[in-house]
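Chain letters run A, B, ... following the sequence lines, proteins first and then strands; every chain starts at 1. In this text, all values refer to a predicted model and were calculated from it rather than measured experimentally.
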Number of protein chains: 2
Amino acid sequence: LIAMQSVGKTYPMGDLTVHALRGLDLTIARGELVVLLGPSGSGKTTTLNILGGLDRPTGGRVVVEGEEIARFDERRLTAYRRTKVGFVFQFFNLIPTLTALENVEFALSLTGRGSSLIRRSRELLALVSLEDRADHFPSQLSGGEQQRVAIARALANRPALLLCDEPTGNLDVETARQVLQAIRDLNRREGATVILVSHNASIAPMADRVVRLHDGSVAKIESNPHP
Amino acid sequence: LIAMQSVGKTYPMGDLTVHALRGLDLTIARGELVVLLGPSGSGKTTTLNILGGLDRPTGGRVVVEGEEIARFDERRLTAYRRTKVGFVFQFFNLIPTLTALENVEFALSLTGRGSSLIRRSRELLALVSLEDRADHFPSQLSGGEQQRVAIARALANRPALLLCDEPTGNLDVETARQVLQAIRDLNRREGATVILVSHNASIAPMADRVVRLHDGSVAKIESNPHP
Ligand SMILES: Nc1ncnc2c1ncn2[C@@H]1O[C@H](COP(=O)(O)OP(=O)(O)OP(=O)(O)O)[C@@H](O)[C@H]1O
Ligand SMILES: Nc1ncnc2c1ncn2[C@@H]1O[C@H](COP(=O)(O)OP(=O)(O)OP(=O)(O)O)[C@@H](O)[C@H]1O
Ligand SMILES: [Mg+2]
Ligand SMILES: [Mg+2]
């Protein structure tokens with residue numbers, strides 16, 4: 001499904017250049033659940049942003065379902081993001097002027113499912129135990145509640161590619177387990193390809209493979225025989 | 001040092017009322033290191049915000065060093081926050097128009113230490129391994145790097161009361177260990193009173209006591225004999 005070949009991302013900073021990614025090589029099969037680990041600053045968010053069409057590499061190739069997405073113009077990238085990708089951002093990116101329910105409805109409406117929009121949105125909020133926070137605005141939600149709305153929103157369109165940037169960083173063990181179960185179900189039942197960035201060591205066992213980044217490139221890949 | 005007596009915090013939401021805190025009783029001794037745990041939405045951030053003078057309870061009393069801070073006017077609360085409290089926010093609250101170094105310098109300048117401001121700021125960034133990100137703006141930093149600037153900033157004035165809301169939520173195990181060591185040092189060497197909210201189970205052993213919240217009040221308190 002995905003091939004990243006010698007991908008680079010640099011930021012010129014005066015005399016210095018920051019290499020967020022350098023010579024990153026990674027192939028991911030359709031339906032795989034990959035956990036992406038690595039120290040703070042090693043390039044995990046940058047990798048997800050490039051795969052999700054939110055950022056472009058400064059070098060290398062990124063091929064998704066046979067198409068080189070780094071070469072898409074803005075219109076095609078937007079279509080790619082809306083139809084193919086579900087994204088749980090490290091800092092949620094909820095729409096502050098919409099309630100929890102409206103944030104999920106909005107995501108659903110982007111792929112045009114008119115009828116049962118409200119019913120499906122309520123189901124998604126129930127999946128992350130937020131049915132009684134439906135009418136709260138993001139500023140009226142706890143950190144972990146905002147994170148869960150972001151997860152419900154990402155799952156809404158049953159995306160072919162689910163990208164999760166620290167989806168349990170603000171959740172207690174029990175709530176985290178619930179969320180990871182929902183992500184795993186999407187992978188197992190719908191065949192979604194999932195890339196999960198997490199510092200939570202207990203997440204690694206659920207992966208098909210664990211990819212470790214270091215200083216902007218792949219340092220190590222481990223396979224889990226029975227995830 | 002701190003006494004919270006039957007503290008309540010309610011938010012009227014149309015017909016329903018949300019009880020973020022209800023009848024919360026908690027006493028914390030000077031120099032204690034307390035870890036505050038509990039499910040997402042149980043009132044941890046609300047508790048820290050009230051102790052840090054960022055929010056007021058709707059019921060009960062909050063006494064810090066003999067003074068009822070919930071009765072302070074805005075000027076006294078601002079002075080309390082600046083001189084007594086160091087705060088690591090769940091979502092950092094960095095000043096977006098200042099670099100990492102400037103964010104730390106700004107915190108130092110609030111307590112008027114003119115000379116060696118830059119040197120001390122650089123030391124604090126080095127403490128969290130960010131010396132070569134000094135000139136990056138928050139938008140040019142990774143999630144964990146932003147979190148570390150927030151930590152450096154909170155430690156800057158060696159506060160008497162350090163309040164940390166999920167300080168390692170975006171950090172890998174190794175970086176988290178480094179940060180927790182710095183927090184522990186402030187507690188052991190400077191005698192700072194520390195209240196640490198965390199979902200990270202490995203943090204509990206470093207506490208003198210572990211306080212568990214549930215639905216806005218204290219459910220359980222455990223003492224660690226030898227933290
Ligand atoms: N402004 C507000 N209006 C209405 N409800 C609110 C508001 N702020 C917080 N709440 C509610 O109060 C409860 C406690 O919030 P708080 O942020 O203290 O939880 P928390 O323990 O920090 O959770 P987390 O672990 O998810 O960060 C939550 O259920 C939240 O929905
Ligand atoms: N706009 C930018 N300008 C300059 N440097 C940047 C910019 N964005 C990111 N960086 C740098 O690129 C590196 C990789 O960032 P990235 O956000 O991908 O890390 P990460 O692995 O997600 O880290 P974390 O675990 O802390 O979230 C970091 O060292 C960061 O400082
Ligand atoms: Mg990141
Ligand atoms: Mg919170």
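Within the 4.5 angstrom heavy-atom criterion, no atom of A:F89 approaches chain B. A:D132 does not touch chain B: none of its heavy atoms, backbone or side chain, sits under 4.5 Å away. There is no contact between B:F137 and chain A, counting heavy-atom distances below 4.5 Å. In this structure, chain B has a heavy atom under 4.5 Å from the side chain of A:V18, while its backbone stays farther away. Looking at A:Y11, neither its backbone nor its side chain comes within 4.5 Å of chain B, counting heavy atoms on both sides.
For A:R82, the CZ atom is loosely surrounded, since the number of other residues' heavy atoms within 6.0 Å does not exceed 12. Open room surrounds CZ on A:R122; 12 or fewer heavy atoms of other groups in view lie less than 6.0 Å from it.
Counting heavy-atom pairs under 4.5 Å between each of B:L171, B:D135, B:T45 and chain A puts B:L171 at the top. By number of non-hydrogen pairs under 4.5 angstrom with chain A, the leading residue of B:G143, B:G38, B:S42, B:A20 is B:G143. When the candidates A:R148, A:E166, A:Q140, A:M13 are compared by the number of heavy-atom contacts under 4.5 Å with chain B, A:M13 comes out ahead. When each of B:E145, B:R133, B:K44, B:H136 is checked for heavy-atom pairs under 4.5 Å with chain A, B:H136 comes out on top.
In terms of modelled atom types and a separation under 3.5 Å, the side chain of B:D172 and the main chain of A:S40 share a donor-acceptor contact.
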TODO: Begin from the C-alpha positions of B:Q90 and A:N170 and carry the test side-chain contact (heavy atoms from CB on, under 4.5 Å) through to its verdict.
DONE: CA-CA 8 Å; B:Q90 194 165 4; A:N170 286 287; 2.9 Å; yes

